Amino acid sequence: MLTTQYTPGSPIWVDLASPDVDASAAFYSTVFEWEFESRGEAAGNYGMFRLGGRIAAAAGPCRGADDTAAWTLYFHTTDVEALTKAVEQAGGTVLHPPSDMPGAGRTAHYADRAGARFAAWQPGDTKGLEVVDSAGSLAWTELLTADTAAATEFYGAVFAWQFGTAPVPGIDYTVITPAAQAGGDGESGGIVALPPGVPGSDAAPQWYPYFEVADCDTAVERAVGNGASVIVAADDLPGVGRMAMLADPFGARFDVIKSALPDGM
């Protein structure tokens with residue numbers, strides 16, 4: 001499960017790059033009941049999605065004409081410069097070098113060896129997302145890639161993550177635990193290599209956010225009714241929950257999940 005008690009290597013932020021921030025804000029506000037708060041032109045029209053007043057995600061314009069709509073996951077670091085060196089030493093690519101977000105923190109953007117993009121956040125005044133693991137907020141992170149072994153080697157070197165396995169029928173599923181959370185309920189994401197032909201396996205290596213919802217089918221219906229397309233239809237995974245993969249009206253992919261309650265709850 002995710003937590004807002006952030007430690008190095010844990011998911012700390014998620015934002016959307018969109019060619020039309022206002023249209024994306026309207027879409028996600030309908031699907032997740034978020035309210036969008038733009039920071040205005042001075043902040044590059046970047047803004048926050050709030051859920052009950054708390055930051056659940058963020059959005060801003062695509063950086064360049066060739067960039068496509070996509071969600072980016074950020075992982076906590078206490079030293080973005082040191083992390084950038086670790087990415088380079090592990091064979092990754094620095095897409096945007098460390099930079100200051102005045103009054104908020106420091107960030108950098110990367111791609112792993114296979115090309116999957118991710119980012120780092122070194123908190124300043126902005127500590128991270130203010131709500132996770134509840135309906136309408138980030139609940140899980142997942143990397144789809146062609147080579148799980150190469151991914152674990154890379155991210156283990158960069159973040160010192162620990163890895164385990166999960167019993168997912170027909171899929172080799174690797175579970176991620178940030179080092180500081182090992183030994184507790186600290187699993188924060190997964191890595192999976194989907195066999196060719198399985199829905200969702202057509203995409204380039206990519207990190208995906210999972211957003212918790214009160215009802216998976218209702219969330220899918222809302223999304224499709226407002227211009228989204230279904231990549232993977234809603235389905236149940238015993239002991240995990242009911243989930244679906246969607247693409248928003250501009251093509252940014254994300255997952256929704258109604259998590260299964262632990263036994264006895």
Side-chain angles (χ1 to χ4, degrees), residues 11 13-41 43-52 54-74 116-119 129 131-132 134-144 194 197-237 241-259:
W13 195 257
V14 62
D15 66 14
L16 173 71
S18 170
D20 187 331
V21 176
D22 289 340
S24 291
F27 170 80
Y28 287 100
S29 295
T30 299
V31 175
F32 296 127
E33 299 182 353
W34 290 341
E35 294 182 357
F36 186 65
E37 178 187 272
S38 176
R39 296 291 177 88
E41 292 185 7
N45 294 315
Y46 193 84
M48 309 301 173
F49 286 117
R50 293 186 179 273
L51 180 68
R54 296 181 292 176
I55 298 173
C62 293
R63 287 176 177 261
D66 295 332
D67 285 352
T68 57
W71 283 97
T72 298
L73 285 160
Y74 294 66
R117 297 187 175 199
F118 65 102
L129 300 177
V131 56
V132 298
S134 60
S137 67
L138 185 67
W140 190 249
T141 65
E142 190 171 85
L143 172 65
L144 298 188
L194 292 180
V198 173
S201 62
D202 60 312
Q206 185 176 341
W207 279 97
Y208 290 87
Y210 278 66
F211 296 107
E212 185 73 29
V213 291
D215 185 284
C216 182
D217 297 279
T218 298
V220 170
E221 183 179 352
R222 284 181 182 174
V224 171
N226 285 275
S229 54
V230 176
I231 306 300
V232 180
D235 198 8
D236 293 303
L237 185 60
R242 185 167 179 81
M243 64 192 75
M245 180 187 288
L246 304 168
D248 74 14
F250 297 105
R253 292 189 177 190
F254 64 100
D255 293 82
V256 292
I257 183 169
K258 168 57 178 174
S259 299

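Keep in mind it's a predicted model, so treat the numbers as computed, not measured.
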First locate atom [atom1] of [X], then atom [atom2] of [Y], and finally report the distance between them rounded to the nearest 0.5 Å.
| X | Y | atom1 | atom2 | value |
| --- | --- | --- | --- | --- |
| S137 | L51 | OG | CG | 6.5 Å |
| K258 | D236 | NZ | CG | 12.0 Å |
| T72 | R117 | OG1 | CZ | 8.0 Å |
| S18 | D67 | OG | CG | 12.0 Å |
| T30 | N226 | OG1 | CG | 4.5 Å |
| C62 | D20 | SG | CG | 10.0 Å |

Tell me, please, which residues at least two apart from [X] pass side-chain contact (heavy atoms from CB on, under 4.5 Å).
| X | value |
| --- | --- |
| A135 | none |
| D255 | Y208, Y210, M245 |
| S229 | I231, A247 |
| S259 | E212, I257 |

**OP:** Could you check if a side-chain atom of Y28 sits within less than 4.5 angstrom of a side-chain atom of L16, using non-hydrogen atoms only?
**Re:** yes

Subject >> Pairwise side-chain contact, S134 with V131, heavy-atom cut-off 4.5 Å (strictly under) >> reply: yes

Subject >> Pairs satisfying side-chain hydrogen bond (donor to acceptor under 3.5 Å, both in side chains), at least one member in residues 214-225, at least two apart >> reply: D215-T218, D217-R242

Among residues at least two apart in sequence or on other chains, which ones pass side chain to side chain donor-acceptor pair (under 3.5 Å) with [X]?
| X | answer |
| --- | --- |
| W207 | Y155 |
| N45 | none |
| E37 | R50 |

Subject >> Test ring-ring contact (aromatic ring centres under 6.0 Å, His included) applied to F27 - qualifying residues, sequence neighbours left out >> reply: none

Subject >> For F250, ring-ring contact (aromatic ring centres under 6.0 Å, His included) partners two or more places apart >> reply: none

**OP:** Among W140, W34, F49, find the residue that satisfies the ring pair (Phe, Tyr, Trp, His ring centres under 6.0 Å) test when tested with F211.
**Re:** W34

Subject >> CA sep, side-chain torsions, deciding dist, call: D248, V31, side-chain contact (heavy atoms from CB on, under 4.5 Å) >> reply: CA-CA 10 Å; D248 74 14; V31 175; over 6 Å; no

Subject >> Heavy-atom pair with the smallest gap, counting every atom of A56 and G136 >> reply: CB-O, 3.9 Å

**OP:** Identify the two heavy atoms, one from V21 and one from P61, that lie closest to each other, and give their separation to 0.1 Å.
**Re:** CG2-N, 3.5 Å

Original post:
Yes or no on side-chain contact (heavy atoms from CB on, under 4.5 Å) for L73 and L138, after CA distance, side-chain angles and deciding distance?
Top reply: CA-CA 10 Å; L73 285 160; L138 185 67; 4.2 Å; yes

